[in-house]
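In this chain, numbering begins with 1 at the start of the sequence shown.
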Amino acid sequence: MTLSLNNKFVNKYVTNNDINNISGEIYEAQRLLMNKTGEGNTFLGWLDLPVDYDKEEFARIKKAAQKIQNSCDILIVIGIGGSYLGARAAIEYIKSAMYNNMKKNTPDIYFAGNSISSSALADLLKICEGKDICVNIVSKSGTTTEPAVAFRIFRALLEEKYGKDGARERIFATTDKAKGTLKSFSDDEGYETFVVPDDVGGRFSVLTAVGLLPIAVAGVDIDELMKGASDAREACFVEDINKNDALKYVAIRNQLYRQGKSTEILVSYEPSAQMLCEWWKQLFGESEGKDKKGIYPSSVIFSTDLHSLGQFIQDGERIMFETVLNIKKSSDTIIIPNDPNNIDKLNFLAGRELSFVNEQAMLGTLFAHSDGDVPNIVIDIEDRSAHSFGYLVYFFEYACAVSGYVLGVNPFNQPGVESYKKNMFALFGKEGYEELRLELQKRIDN
């Protein structure tokens, strides 16, 4: 199997009986999802996406990716949240966290529009000096502040460098199918456009053009990516908690939550999974954190973070559990050499593969944290292939949706996100927010 769940390090906290005791709630949540009768059911386009996607657009994505590969040194992907995290997670997981520094026959890919830092954008503009550039702007509306500002700047850069006609061939917009500022502007300017489906929310959109275009530009086999997601879909649809690891994951994490374990830490021993962790945090944080409920999603990369957070995890407040992503097969083989003088006293490892050392570090940490009263769920994933990534994405999306219904929240909205946006628009001086701006100004003055 591409993925399997190991509950050996959690079964003293959540037994098989505990899993069976909550199974009725899990099945009811699964039925809400599958029958499309739960809250947020207008955003379930991702559910069948691996087998029911626009084949014509899929072919256009491949063609556009090839065009970008042939015409530029750098692709700038402009987007925030779900508009960039999935694509970046896939590229780093499948290719390398150092993708841009590797020798390759595909463009470097940088991500912009995910902050409002002038320093970060200035650094990226310097990197682009003297390079041929293409831009993929990803925004449903085209008016989200962070990406809209970045797009203004890069659009001006491309038009100055290539002229309006030349820029038109280098700008690709992933946006609404028929409406919105960006769609209208793209049609007027003649940019090639791809669709953000109406029924797929941002954090569930990695398997749409939102993620697929940049992923394909990086040289990833997107057919294999979708095949992995399709295989996961088939496994997740099984209505048996003892044969469906996604449902078992939901059962265990919700039973731990009811025991006061309110923080979940996603753990990987591969730095290439760091952006996958960031995507996972948005997926679960934005889906579950509502109505004063939810498991707080955090992440670490071991063994690196064992030297910074290991002490707290081992001996700190007992409010957490870990979900360990164990990538079974290493992409590369490095053998530890023998040192005749044995200066570092590590000759007992000579001749061993470095992946063996990493695996033993994981096992040692699992035992230590379990002994320290930190439950550990282990998710074994086969490798860092496109197939495995697609499988993992769908596994987490499905589990997240079911878990949200078990918690009693709508997994597909994000009402809290709008609060800061209103305040920000008011402080910017945006039209229509005058009353709120005056109220906030009084609070600042006081």
Going by atom types only, do Lys8 and Asn376 share a side-chain donor-acceptor pair under 3.5 Å?
no

Modelled atom types, side-chain donor and acceptor of Asp176 and Ser141, under 3.5 Å
no

When you measure from the centre of the six-membered ring of Tyr84, is the NZ or CZ of Arg88 closer than 6.0 Å and no more than 45° off the axis?
no

Does Phe321 have Lys261 sitting over its ring (NZ/CZ under 6.0 Å from centre, angle to axis within 45°)?
no

Residues at least two apart in sequence or cross-chain that pass side-chain hydrogen bond (donor to acceptor under 3.5 Å, both in side chains) with Glu435, listed by chain then number, are none

Should the pair Phe367 and Phe9 be assigned to parallel (<30°), tilted (30 to 60°) or perpendicular (>60°) ring geometry?
perpendicular

Between Glu382 and Lys328, does any side-chain N to carboxylate O distance fall below 4.0 Å?
no

Taking Gln414 as the fixed residue, which of Lys290, Gln282, Arg203 is the one that meets the side-chain hydrogen bond (donor to acceptor under 3.5 Å, both in side chains) rule?
Arg203

Is it the case that the side chains of Ser385 and Ser388 hold a donor-acceptor pair, with the cut-off being a distance below 3.5 Å and no angle test?
yes

Could you point out which residue of Ile379, Leu366, Ile265, Thr365 forms a side chain to side chain contact (heavy atoms under 4.5 Å, CB included) with Val324?
Leu366

Tyr433 ring centre to Lys422 NZ or CZ under 6.0 Å, with the angle to the axis within 45°?
no

Considering non-hydrogen atoms only, spot the tightest contact between Val406 and Ala29 and give its length.
CG2-CB, 3.6 Å

Is it true that the NZ or CZ of Lys55 lies under 6.0 Å from the centre of Tyr53's six-membered ring and within 45 degrees of the ring axis?
yes

Going by atom types only, do Glu264 and Thr323 share a side-chain donor-acceptor pair under 3.5 Å?
yes

Think Arg152 forms a cation-pi with Phe154, using NZ or CZ under 6.0 Å from the six-ring centre and within 45 degrees of its axis?
no

Is it true that Ser355 and Asn358 share a donor-acceptor pair across their side chains at a distance under 3.5 Å?
no

